[in-house]
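Read through the structure below, which is laid out as structure tokens, and then see the notes.
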Amino acid sequence: MSERYNHQTTEAKWQKIWAEKESFKATEDSSRPKFYALIEFPYPSGEGLHVGHPRSYTALDIVARKRRMEGFNVLYPIGWDAFGLPTENFAIKTHQHPKSVTQKNIANFRRQLKSLGFSFDWSREVDTTAPDYYKWTQWIFLQLWKKGLPYKTNMPVNWCPSCKVGLANEEVVGGECERCGGAVVQRRRSQWMLKITAYAERLLSDLDTVDYLEKIKAQQRNWIGKSTGAEIDFTLPVLGDRALKVFTTRPDTLFGVTYMVLAPEHPLVTELLSHAKNPNAVKAYIEATARKSDFDRTEGAKEVSGVALEGVFAVNPATKKPVPVWIADYVLATYGTGAIMAVPAHDERDWRFAKKFGLPMIEVITGGDISKEAFTDIDCKDARMVNSGHLNGLTPPQAIDKMIGTVERENYGKASIKYKLRDWVFSRQRYWGEPIPMVECPKCGWVPLPESELPLKLPDVEHYQTSETGESPLSLMTDWVNTQCPQCGGSAKRETDTMPQWAGSSWYFLRYCDPHNDKELASRKALEFWTPVDWYNGGMEHTVLHLLYSRFWHKFLYDIGVAPTPEPYAKRTSHGLILGENNEKMSKSRGNVVNPDEVVKTYGADTLRLYEMFMGPFDQAIPWSTNGLMGMWRFLSRLWTFSEKVRPDKAEGDILRATHRTIRNVSERIETMKFNTAIAALMTLTNTFGELKEIPQDAWEVFLKLLAPFAPHIAEEMWEALGHKEILATAAWPKADPALLVENSVTIAVQVNGKLRATITVPRDAPNKDVEAAALSEEGVKRALNDKEPKKIIVVPNRIVNVVA
RNA sequence: GCGGGUAUGGCGGAAUUGGUAGACGCGGCAGACUCAAAAUCUGCUUUCUUCACGGAAGUGGGGGUUCAAGUCCCUCUACCCGCACCA
């Protein structure tokens, strides 16, 4: 063994050995329990790997390596989520084909990941842009079509003028494009939609069956946004008593309704307009709101606006009295029924609106002061119904139940549930995505491609730029677009929009189970063997959309008998961001980006892996520290010198106990993702070894096994130096002996009136009397007692003595 | 506004879940080695006070429960993340 540790040769050596031995290849071997560890497959950008990627990959690599040593049959796969905008934009800018850009980027990512020594099964690599992969993405779309889940509709879409692409609501952040940060405008366009709302209830309730971090579940619930209440019909005399349907979560306040509000886009508005005395003012208002972006509408929330439909009234079904009808943009066309009953006394927005326009208020719940603010505390002790006919005297929750009964009995409404979740905008006017396998025939309408024609390959095109009108680049490929209707054989046109990037990532974890299958998405046998994913780790930025979309697709695949389980991921955790050294988000423009290649070259993959796990709690954002990184390098260099001190002895006494304590600590802390303290435990044992002249080999071997998941290369090298022929990666994980976890004697604290005055060392489980006597004979205790008699002595065995004086 | 979270030395952070606050690492200081520097090694390193022994204070602020509180309860403050005119 050379004196100084050479990480470059050692790391290359072991990476080669693992590859040659196929040490991490997963097989469907049912003699051992399976474990499926999953990380979010990367988007292979031109910038190369970010130091944030290895944080997640190392964490599950540690878990995967530990599981293998524990005897599990482990699947830890990797692939590329390679369709998408940045590549396409880069290709346009540099006059290359997106395909070749993608291939280059993948090659670079593959090299970088391999240099970090992750125990991926490289034989199962998938690439969402490969035709034999997206064939199955398209196949899933055809299955969705059979069940009526995709539909095409003309709808306002968020349009990013700079990316020239329609965006899902989820991709618009604060009125700006999530990708480029430019302002988003509204356009009307025909778009493919997926009916994810049909799965809203199951996506919500099945969260109870999975082990996700609580905050992830909370975000999913929040996004789905379930509200229970009632739909109530108000009749509109001007339209011959046709109903204006509203949704409310507060049917108890029905007697407090003083006006109605329709969203400007509500379908009844046009008809009602002709009955209003002020049609021009109303039209002007509607046009003004149409010009506003969603962002302006919500950002201007403090300034309420609206217009009355003068002369138009709706009849409150509870009181039979007419109330005026208004139009205001604080009511959203896209939620509920697009219309509300306004109860200004008990709703903050209605209260603000009524104040501004001088509309009346009726208090129907006591307990607040509605002249100052809306009273909305439904669970307030003093809250009782008033001015509400048969509801008077009830608490609001009682009144809600009773009113729903009344509404249903008297037949002007029904109990109802609404969700915030909206259908998924599934088409993009871009080139670099999966073609949607649909054909539009003038006679037959939208017709799916037969499955035998899949994959529908992306044609090569000269220009990738979206046209100014917003059509996909594929629309310019007339040869490709013009085709025959699969149903009637007549001339027809292909869909030229492509799928969003979310499509390929919604099922990739299934493909890993059987990545080379050309008959099926994956064989039922392989899916039954590997799924569900046992542990999925990824970033918080994907805990809403990617998780929701992939759960949706998975549930659908379960329904049609493809996936064996209703939920794809048994457990989901998240890692925190790695910030720049200046505590800001890493970015080129801030000049604080750390390049993993350089770290690996200078300090080695093991140092990087250890450092990223040690830098702080795994789920928290944490700034990079080059000094901290060097500390890890010192730790490994120091370890290296210990090899010379190893003697073929058996550990005894304190060293044996320290070793077993470390086994327990490291084992537990890997499972709870407390990697920072797991490494601290390894360092503590290292410090113990440092004090020894000779290190017993059995203790040293245990240490190397514990180190192996974290710093696999150096651990293998030192393991081999001991004369082992089999690699460490497949050695057995050590078990802590409970008998060795307890000390023979314990040092316990002695307090006087709760303050530490001395420590005493006594035999484990010594009788309380002996412990008391030892405590009282301590100088520090005597001094603090100052000749006073103790009133009471509390002894917590093996922990603490507190003398109360 | 709603939901989730955080607050501990100069810094990143530990604390067996109510029992010796500051593990581990970084940084700093002193010493050894060296012509010198780097690297390495050895010690010290919460603050105040004391020549010293020792003592006092201390986990964002205030209050409470307890023999005992970073940990439990009440209350206030600050910051971070997500969602947000969602009826």
Side-chain angles (χ1 to χ4, degrees), chain A residues 4 173-174 213-219 221-223 225-227 229 246-250 253 261 263 297-302 304 328-332 334-343 347-350 352-353 376 418-422 540-541 543-544 576-577 610-611 614-617 619-632 634-635 637-638 641 661 664-665 668 674 676-684 686-687 690 741 747-759 779-780 783-784 790-796 798-805:
Chain A
R4 202 182 157 90
V173 178
L213 287 183
E214 193 47 45
K215 65 175 167 184
I216 298 174
K217 286 192 187 184
Q219 283 192 15
R221 288 193 191 104
N222 207 335
W223 194 263
K226 181 179 183 175
S227 294
V246 299
F247 173 72
T248 179
T249 55
R250 297 292 305 278
T253 61
V261 187
R297 273 174 74 162
T298 54
E299 201 43 21
K302 289 125 220 159
V304 286
D329 67 2
Y330 81 88
V331 172
L332 304 177
T334 47
Y335 181 76
T337 63
I340 63 155
M341 58 178 225
V343 186
D347 179 277
E348 279 169 34
R349 291 148 305 168
D350 297 345
R352 254 189 295 147
F353 193 82
T376 57
K418 300 283 178 206
Y419 301 89
K420 288 185 206 170
L421 184 69
R422 315 217 187 124
M540 278 310 283
E541 69 274 18
T543 51
V544 176
L577 283 179
L610 271 174
Y611 173 62
F614 184 70
M615 61 198 301
D619 56 351
Q620 269 174 42
I622 209 98
W624 184 265
S625 158
T626 303
N627 281 328
L629 180 75
M630 276 160 32
M632 276 308 141
R634 272 201 287 275
F635 167 64
S637 305
R638 186 157 169 248
T641 65
R661 257 199 320 275
R664 183 199 53 191
N665 289 345
E668 280 178 6
K674 292 183 170 182
N676 52 336
T677 55
I679 294 168
L682 289 171
M683 288 174 160
T684 305
T686 304
N687 292 342
L741 295 174
T747 301
I748 65 177
V750 182
Q751 297 179 336
V752 177
N753 292 331
K755 287 195 174 164
L756 182 70
R757 295 300 171 187
T759 56
E779 273 307 312
R783 201 184 307 119
K791 282 185 200 144
K792 193 175 168 189
I793 302 177
I794 291 149
V795 179
V796 182
N798 303 322
R799 283 272 168 88
I800 202 166
V801 179
N802 193 6
V803 181
V804 186

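Note on naming: letters A, B, ... go to the chains in the order of the sequence lines (proteins, then strands), and numbering restarts at 1 for each one. Model, not experiment: these values are computed from the prediction.
The side chain of A/I794 has B/rC67 as its nearest neighbour among B/rC67, B/rA14, B/rG82. Taking only side-chain atoms of A/R757, from C-beta outward, the nucleotide of B/rG55, B/rC24, B/rG3 with the closest atom is B/rG55. Set against B/rC85, B/rA87, B/rA15, the side chain of A/T248 has B/rA87 as its closest nucleotide. With distances taken from any side-chain atom of A/R799 to the nucleotides B/rC86, B/rA21, B/rG19, the minimum falls on B/rG19. Distance from the side chain of A/Q751 is smallest to B/rG19 among B/rC26, B/rA87, B/rG19. The side chain of A/R349 has B/rC86 as its nearest neighbour among B/rG13, B/rC86, B/rA87. Side chain of A/R638, nearest nucleotide from B/rC41, B/rC83, B/rG19: B/rC41. For A/K755, taking side-chain heavy atoms from C-beta onward, the closest of the listed nucleotides B/rG27, B/rA57, B/rG25 is B/rA57. Considering only the side chain of A/N687, B/rC24 comes nearest among B/rC24, B/rU20, B/rA15. The side chain of A/V804 has B/rC67 as its nearest neighbour among B/rU16, B/rG12, B/rC67.
Taking 3.5 Å as the limit, the base of B/rC67 and the side chain of A/N802 contain a donor-acceptor pair of atoms between them.
At the heavy-atom level, A/I793 lies nowhere under 4.0 Å from the strands shown. Among the protein residues, A/K217 comes within range of no part of the nucleic acid, since none of its heavy atoms lies under 4.0 Å from any strand. Residue contacts for A/D347: at a heavy-atom cut-off of 4.0 Å it reaches no nucleic acid atom on any strand shown. When heavy atoms are screened at a 4.0 angstrom cut-off, A/P623 is found touching no nucleic acid atom at all. No engagement by A/G225 is indicated, since no non-hydrogen atom pair under 4.0 Å with the nucleic acid exists. Contacts of A/R664 with the nucleic acid, taken as non-hydrogen atoms under 4.0 Å apart, are absent. Contact annotation for A/Q620: backbone-only contact, meaning every heavy-atom pair under 4.0 Å involves sugar-phosphate atoms and none involves a base. In this structure, A/R634 reaches the sugar-phosphate backbone alone: every heavy-atom distance under 4.0 Å involves primed, P, OP1 or OP2 atoms, never a base. Counting any heavy atom pair closer than 4.0 Å across all strands shown, A/S625 reaches no nucleic acid atom.
By the rule that a glycosidic angle within 90° of 0 means syn, B/rG60 does not qualify and counts as anti.
Side-chain contact between A/I794 and A/V801: absent, with no pair of heavy atoms (C-beta onward) separated by less than 4.5 Å.
The number of heavy-atom neighbours closer than 6.0 Å to CD of A/E348, taken from other residues, nucleotides and ligands shown, is 12 or below.
When the C1' atom is compared between B/rU65 and B/rC29, the two are found 44 Å apart, to the nearest whole Å. One P atom belongs to B/rU71, the other to B/rU16, and the distance between them is 13 Å to the nearest Å.
The nearest heavy atom of RNA chain B to A/G754 and to A/T747 marks one nucleotide each, and the one closer to the 5' end goes with A/T747.
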